[in-house]
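This report refers to the structure that appears directly beneath it.
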Amino acid sequence: MSDELIAQREEKLRQLREIGVKPYGGKFPRTHSVSKLRENFDRLAELKEEVAIAGRVMLMRMHGKASFADLRDETGKIQIYVKSDIVGERTYRIFELLDIGDFFGVKGSLFKTKTGEMSILVRELTLLSKSLRPLPEKWHGLKDIELRYRRRYLDLIFNEESRKVFEARRKIISITREFLNERSFREVETPMLQPQAGGASGRPFSTRADALEMELFLRIAPELYLKRLLVGGMERIYEINKSFRNEGLSPKHNPEFTMLEVYTAYADYKDMMQLTEELFQEIARNIFGKLKFTYRGEEIDLTPPWRRITFSNAMKERFDVDIEKEGVENLKKKLKEAGVKLKGEKVARSQLVKLLADLLTSSSPTFITDYPVEFCPLAKRKADAPELTERFELFMCGFEIANAYSELNDPREQKERFMKQAEGEKERIDEDFVMALEYGMPPAAGLGIGIDRLVMVMTGSSSIKDVILFPQLKATEVL
RNA sequence: GCCCCCAUAGCUCAGUUGGAAGAGCACCUGACUCUUAAUCAGGGUGUCCCAGGUUCAAGCCCUGGUGGGGGUACCA
């Protein structure tokens with residue numbers, strides 16, 4: 001069937017070529033986009049000005065010798081009216097050989113039909129691209145979730161909601177850059193191909209550089225390179241880019257994801273809390289025009305200051321353990337009793353994250369602060385409580401969305417922490433990074449924000465796949 | 001990785017107790033010079049995801065697989 005529909009279109013293509021039509025055109029100068037044309041419709045119609053627009057035909061209403069079609073470009077759609085006695089028999093024949101999905105350009109004048117529909121009376125018609133495959137149906141569109149991910153172009157053609165999500169994503173990233181640039185942060189790019197993948201836990205993807213005869217890893221985080229730039233004297237920097245983790249997929253996890261990392265010299269994690277609050281407010285004001293919105297039925301309020309709970313208080317509430325008095329060993333025991341998996345002697349961070357997320361009753365943003373040092377190999381200890389670190393994680397809508405700390409800048413302690421972390425595992429220590437610290441890194445605060453998750457929250461998306469244009473799926477044969 | 005759910009025409013979906021594969025849109029043929037999800041007349045175009053099995057008979061029951069969704073584990 002699909003083959004038959006394609007064959008029918010190929011037959012039309014053949015017939016078009018037979019009458020001298022080039023079915024894959026080139027440059028077509030447009031006088032207006034559809035939305036601009038609509039905005040200035042009355043004036044243009046009165047001046048009887050000839051306009052030229054181009055787009056994809058979405059609907060055709062054939063009426064013998066005079067027909068209507070809806071032409072759509074990125075900005076909107078408009079009706080065109082093609083009359084045989086105006087365009088001539090040959091052009092009208094070409095029009096009859098067109099299919100829904102074809103791109104063409106038209107020149108003509110503007111008029112309103114008797115029902116008031118803004119329309120173009122076509123004088124000249126140019127085929128720009130012949131579509132060989134039938135598009136999804138005009139009314140129900142494309143709903144199949146797998147096809148929407150695999151053939152995102154069809155999703156974008158048919159689902160306004162999807163287009164809105166990606167426009168919101170663009171806006172959020174753009175606002176974030178403006179926000180940071182205005183505050184004198186400089187955007188940098190650091191390697192995605194790294195000889196050693198550090199700065200987070202998580203399994204890396206590995207690859208090989210043939211010319212260098214070496215194994216390389218796709219980065220799991222940019223952190224250790226951004227800190228090398230702090231050593232290099234850059235005081236306010238950020239990077240928005242992909243990181244890659246060779247782990248399972250879920251509605252909150254895609255193997256490649258976009259992260260923002262920000263570093264400020266001479267600041268601490270509390271400054272980053274404020275920065276996070278301000279950034280999210282800036283975004284919400286732009287997207288919603290206010291600080292309150294809903295995520296899948298849950299009320300979210302970004303009015304500052306956001307709720308803050310220390311990690312110890314959260315644990316006290318949940319497990320009746322006072323880690324500040326009893327130390328972290330007792331917590332581990334309680335966690336084990338509660339069925340939390342331990343990774344060797346270490347508490348798996350993901351379990352902790354889940355535990356904390358479950359603990360929060362509100363979907364509004366909450367900072368959990370002051371994590372025990374053993375969960376934070378790169379964070380600075382609290383001066384008055386050396387078993388804890390100057391760190392926060394931001395939870396919102398049931399998931400972790402940001403992570404920040406005052407950066408550890410003592411090279412000897414950093415090496416020790418790396419060694420402790422590597423115990424019993426095949427991880428290597430990043431000696432090159434330790435060397436950089438040995439040259440001296442200013443005290444600094446760092447912040448990481450999961451951009452995809454932030455977009456999820458701001459667009460009401462329940463799956464990360466809905467905010468990534470081409471989410472990772474298994475390869476299949478083309479049907 | 002494990003558990004649960006889903007897969008029927010190009011698209012959106014029905015399909016009863018196991019008894020001759022359906023609808024709307026799209027598409028094809030014809031009519032139609034202001035329609036707008038155009039209308040009217042006619043046409044069903046299919047590897048019922050794949051491979052086996054049970055049965056006189058399988059879209060439907062059973063086993064295995066593939067792809068997707070959700071949960072769970074690893075992870076952000």
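Just so we're on the same page: letters track the sequence lines, and every chain starts at 1.
- With a cut-off of 3.5 Å on both pairing distances, the Watson-Crick or G-U wobble partner of B/rG67 is B/rC6.
- The shortest distance between the side-chain N/O atoms of A/Arg61 and the OP1/OP2 oxygens of B/rA38 is below 4.0 Å.
- Annotation: side chain of A/Arg90 is in contact with side chain of A/Val21 (closest heavy-atom distance under 4.5 Å).
- Counting non-hydrogen atoms under 4.0 angstrom, A/Lys77 reaches nothing in the nucleic acid.
- Using a 3.5 Å distance cut-off with no hydrogens or angles, the side chains of A/Asp466 and A/Ser463 do not pair a donor with an acceptor.
- Across all strands shown, A/Tyr81 has heavy atoms under 4.0 Å from base atoms, whether or not it also approaches the sugar-phosphate.
- Backbone-only contact: A/Leu473 has heavy atoms under 4.0 Å from sugar-phosphate atoms and none from a base.
- With A/Phe367 as the aromatic partner, A/Arg308 does not meet the cation-pi criteria of under 6.0 angstrom to the ring centre and within 45 degrees of the ring axis.
- B/rA14 is unpaired under the criterion used here, namely a Watson-Crick or G-U wobble arrangement in which both key atom distances are under 3.5 Å.
- Of the nucleotides present, none pairs with B/rC74 by Watson-Crick or G-U wobble criteria with both distances under 3.5 Å.
- Among the atoms of the strands shown, base atoms are found under 4.0 Å from some heavy atom of A/Asp85.
- Nearest nucleotide to the A/Lys143 side chain, out of B/rC11, B/rA38, B/rU12: B/rU12.
- Note on A/Gly141: only backbone sugar-phosphate atoms sit closer than 4.0 angstrom, heavy atoms only; bases stay farther off.
- In this model, no side-chain donor or acceptor of A/Ser84 finds a partner on the base of B/rU33 within 3.5 Å.
- In this model, the phosphate group of B/rC27 is not approached by any side-chain N or O of A/Lys12 to a distance below 4.0 Å at OP1 or OP2.
- A/Ile220 comes within 4.0 angstrom of nothing in the nucleic acid, heavy atoms only.
- A donor and an acceptor atom never sit less than 3.5 Å apart when one is taken from the side chain of A/Glu117 and the other from the base of B/rU35.
- As judged by a 4.0 angstrom heavy-atom cut-off over every strand, A/Gln79 is placed among the base-contacting residues.
- In summary, the side chains of A/Ser162 and A/Asp155 do present a donor paired with an acceptor at a separation below 3.5 Å, with no hydrogens or angles considered.
- Within the structure, every side-chain polar atom (N or O) of A/Lys138 is placed at least 4.0 Å from both OP1 and OP2 of B/rC25.
- Looking at heavy-atom distances under 4.0 Å, A/Gly450 makes no contact with the nucleic acid at all.
- In this structure, A/Glu146 reaches the sugar-phosphate backbone alone: every heavy-atom distance under 4.0 Å involves primed, P, OP1 or OP2 atoms, never a base.
- Nucleic acid contact for A/Lys114: base, since at least one base atom lies under 4.0 Å from a heavy atom of the residue.
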For the pair A/Thr258 and A/Arg169, evaluate side chain to side chain donor-acceptor pair (under 3.5 Å) and give the outcome as yes or no after the intermediate values.
CA-CA 11 Å; A/Thr258 302; A/Arg169 182 180 175 116; 3.2 Å; yes

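- Taking the side chain of A/Pro251 as heavy atoms from C-beta on, and the options B/rG70, B/rC27, B/rC75, the nearest nucleotide is B/rG70.
- Residue contacts for A/Arg150: at a heavy-atom cut-off of 4.0 Å it reaches the sugar-phosphate backbone alone, with no base atom in range.
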